[in-house]
Amino acid sequence: MRYVVLTKGVPDFREGKVSFDEDGHLERGKTPTVMNPNDKHALRAALQTKVRHGGHLSLMSMGPPGYEDVLREGMADVYADDLYLLSDRALAASDTWATAITLSTGVSKLDEQPDIVFAGFKTADGETGHTGPQACWCEDWPIVTHVVALDVDEEEGMLRAKRLVEGDVDEIETVEAPLPAFVVADPEFEPSYTRAEHRLRYRDLREETQARAEHYEEHLTTWNHVDLNLDPDYIGLDGSPTIVSSVDPIPKAPAEREATMVDPSDTEGMRAVVDELTPFAGGD
């Protein structure tokens with residue numbers, strides 16, 4: 001079995017981490033990059049599949065050289081075997097469609113066709129949820145989205161999944177799809193390791209990966225648009241059909257907070273603090 005997880009680096013939006021210019025626009029160069037939080041669910045789904053069925057797991061991302069840290073973090077989380085970074089200035093400013101074309105080409109360039117490609121629910125910066133399904137469309141594979149539980153029947157070459165259907169009432173439906181296939185993991189995905197052999201395999205993978213993650217460069221392959229044989233007219237800004245009409249600045253984090261100092265020995269002062277906090281704790 002061969003698996004690929006598509007990951008993305010996004011700005012660290014935690015308070016105090018985000019930098020803005022004078023116009024209130026995000027300064028990516030001054031804002032730390034972290035792995036897209038929703039990609040963690042895809043990582044968990046891929047790790048569960050590898051623990052249960054074995055195989056080779058790769059992480060792939062498109063972005064600047066700094067995304068190596070994101071891939072290294074992912075290798076440690078999902079016990080990946082190798083990493084692929086699609087990095088080139090010609091790829092800059094890609095919208096979801098140009099990104100999907102690039103990622104799909106990267107997947108097709110691998111030495112072995114994956115059985116399953118995993119993607120996160122949506123990114124924390126764009127929040128479109130388009131890239132995974134669009135990359136799947138490029139491959140013309142079946143796709144199962146909002147997956148909350150997953151298993152694979154290797155003999156029949158099928159995956160079976162439970163997926164969340166959101167409507168007036170949340171429903172769970174069971175579906176199956178032939179391999180190879182795309183899987184988009186939902187935030188409600190919960191990995192399951194019910195058998196002892198799975199828990200032992202999980203432990204062994206963790207130990208094997210510690211050394212690999214420390215020397216991740218030895219397991220990292222970087223491809224540019226020439227390596228991928230991509231036409232510049234179909235990638236980057238020139239290959240992006242999306243037109244951004246305007247951007248709403250992200251509200252700035254409060255630069256200062258008002259603080260009231262209370263001496264712990266001041267009984268009346270401490271009682272006032274408790275009275276003020278009690279409504280937020282839901283108590284009386």
Side-chain angles (χ1 to χ4, degrees), residues 1-8 10 34-61 70 73-80 96 100 103 107 114-137 139 141-203 205-206:
M1 298 285 287
R2 179 72 183 267
Y3 323 103
V4 176
V5 183
L6 304 180
T7 67
K8 183 185 180 185
V10 297
V34 297
M35 176 177 286
N36 174 46
N38 279 322
D39 291 348
K40 298 279 186 178
H41 311 298
L43 294 177
R44 294 190 185 103
L47 176 56
Q48 176 196 272
T49 309
K50 180 177 178 178
V51 168
R52 290 185 177 186
H53 302 282
H56 188 100
L57 198 161
S58 304
L59 301 189
M60 180 178 291
S61 185
V70 173
E73 176 188 344
M75 171 174 269
D77 282 350
V78 77
Y79 312 146
T96 61
L103 290 171
V107 169
D115 296 285
I116 305 176
V117 175
F118 295 87
F121 175 55
K122 59 184 179 182
T123 57
D125 51 358
E127 294 211 347
T128 65
H130 290 171
T131 304
Q134 286 176 330
C136 175
W137 187 88
E139 296 292 332
W141 293 357
I143 184 170
V144 184
T145 59
H146 293 286
V147 171
V148 296
L150 177 68
D151 201 3
V152 175
D153 188 328
E154 294 183 70
E155 291 186 0
E156 295 190 15
M158 303 284 290
L159 69 78
R160 296 187 174 87
K162 294 183 184 298
R163 62 183 302 270
L164 182 64
V165 182
E166 295 184 351
D168 294 335
V169 178
D170 290 347
E171 297 179 356
I172 299 291
E173 66 176 3
T174 301
V175 300
E176 61 181 22
L179 302 176
F182 264 68
V183 168
V184 177
D186 190 88
E188 298 295 326
F189 182 90
E190 288 292 339
S192 175
Y193 303 102
T194 56
R195 299 172 60 175
E197 63 181 290
H198 294 160
R199 291 193 288 271
L200 292 172
R201 177 63 177 154
Y202 186 100
R203 182 202 61 188
L205 284 173
R206 181 178 59 206

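Using modelled atom types, one finds no donor on one side chain facing an acceptor on the other under 3.5 Å when comparing H198 with R201.
Without hydrogens or angle criteria, K50 side chain to Y79 main chain gives a donor-acceptor distance under 3.5 Å. A donor-acceptor contact shorter than 3.5 Å links the side chain of D39 to the backbone of K8. Remark: side-chain polar atoms of R2 are not paired, donor with acceptor, to backbone N or O of S58 under 3.5 angstrom. The main-chain N or O of Y193 is found under 3.5 Å from a side-chain atom of R199 such that the two form a donor-acceptor pair. A donor-acceptor pair under 3.5 Å links the side-chain atoms of Q48 to the main chain of L150, judged by distance alone.
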Given L179 and E154, is the side chain to side chain contact (heavy atoms under 4.5 Å, CB included) satisfied, shown in steps? CA-CA 9 Å; L179 302 176; E154 294 183 70; over 6 Å; no
Applying side chain to side chain contact (heavy atoms under 4.5 Å, CB included), run through L164 and I172 and close with a yes or a no. CA-CA 5 Å; L164 182 64; I172 299 291; 3.8 Å; yes
Please lay out, stage by stage, how L57 and F118 fare under the test side chain to side chain contact (heavy atoms under 4.5 Å, CB included). CA-CA 10 Å; L57 198 161; F118 295 87; over 6 Å; no
Assess whether side chain to side chain contact (heavy atoms under 4.5 Å, CB included) is satisfied between T145 and R163, documenting all intermediate values. CA-CA 7 Å; T145 59; R163 62 183 302 270; 2.9 Å; yes
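Side chains of V107 and M60 form a contact here, defined as non-hydrogen atoms less than 4.5 Å apart. Put simply, the side chain of P180 does not reach to within 4.5 Å of the side chain of P114, judged on heavy atoms. At least one side-chain heavy atom of T131 sits under 4.5 Å from a side-chain heavy atom of L103. When side chains are defined from C-beta on, Y3 does not count as touching V183, because their heavy atoms never get closer than 4.5 Å. Between L59 and L43 the shortest side-chain heavy-atom distance falls below 4.5 Å. Side-chain contact between N38 and P187: present, with at least one pair of heavy atoms (C-beta onward) separated by less than 4.5 Å.
To the nearest 0.5 angstrom, H146 atom NE2 is 10.5 Å from E173 atom CD. The CE atom of M158 sits 12.5 Å away from atom CG of D151, with the distance rounded to the nearest 0.5 Å. From T174, atom OG1 reaches atom CZ of R160 across 10.5 Å, with rounding to the nearest 0.5 Å. For the atom pair E190 CD and R44 CZ, the distance stands at 7.5 Å (nearest 0.5 Å). Here M75 contributes atom CE and T7 contributes atom OG1; the two are 11.5 Å apart, rounded to the nearest 0.5 Å. Taken from OG1 in T194 to CZ in R52, the straight-line distance is 6.0 Å, to the nearest 0.5 Å.
Minimum interatomic distance between C136 and P142 (heavy atoms only, all atoms of both residues): SG-O, 3.8 Å. Nearest heavy-atom pair, A42 versus G120, reported as atom, atom and distance to 0.1 Å: CB-N, 3.8 Å. In this structure, P133 and I143 approach most closely via the heavy-atom pair CA-CD1, 3.6 Å. Residues M35 and V70 share a closest heavy-atom pair of CE-O, 3.4 Å. Nearest heavy-atom pair, F121 versus V184, reported as atom, atom and distance to 0.1 Å: CA-CG1, 3.9 Å.
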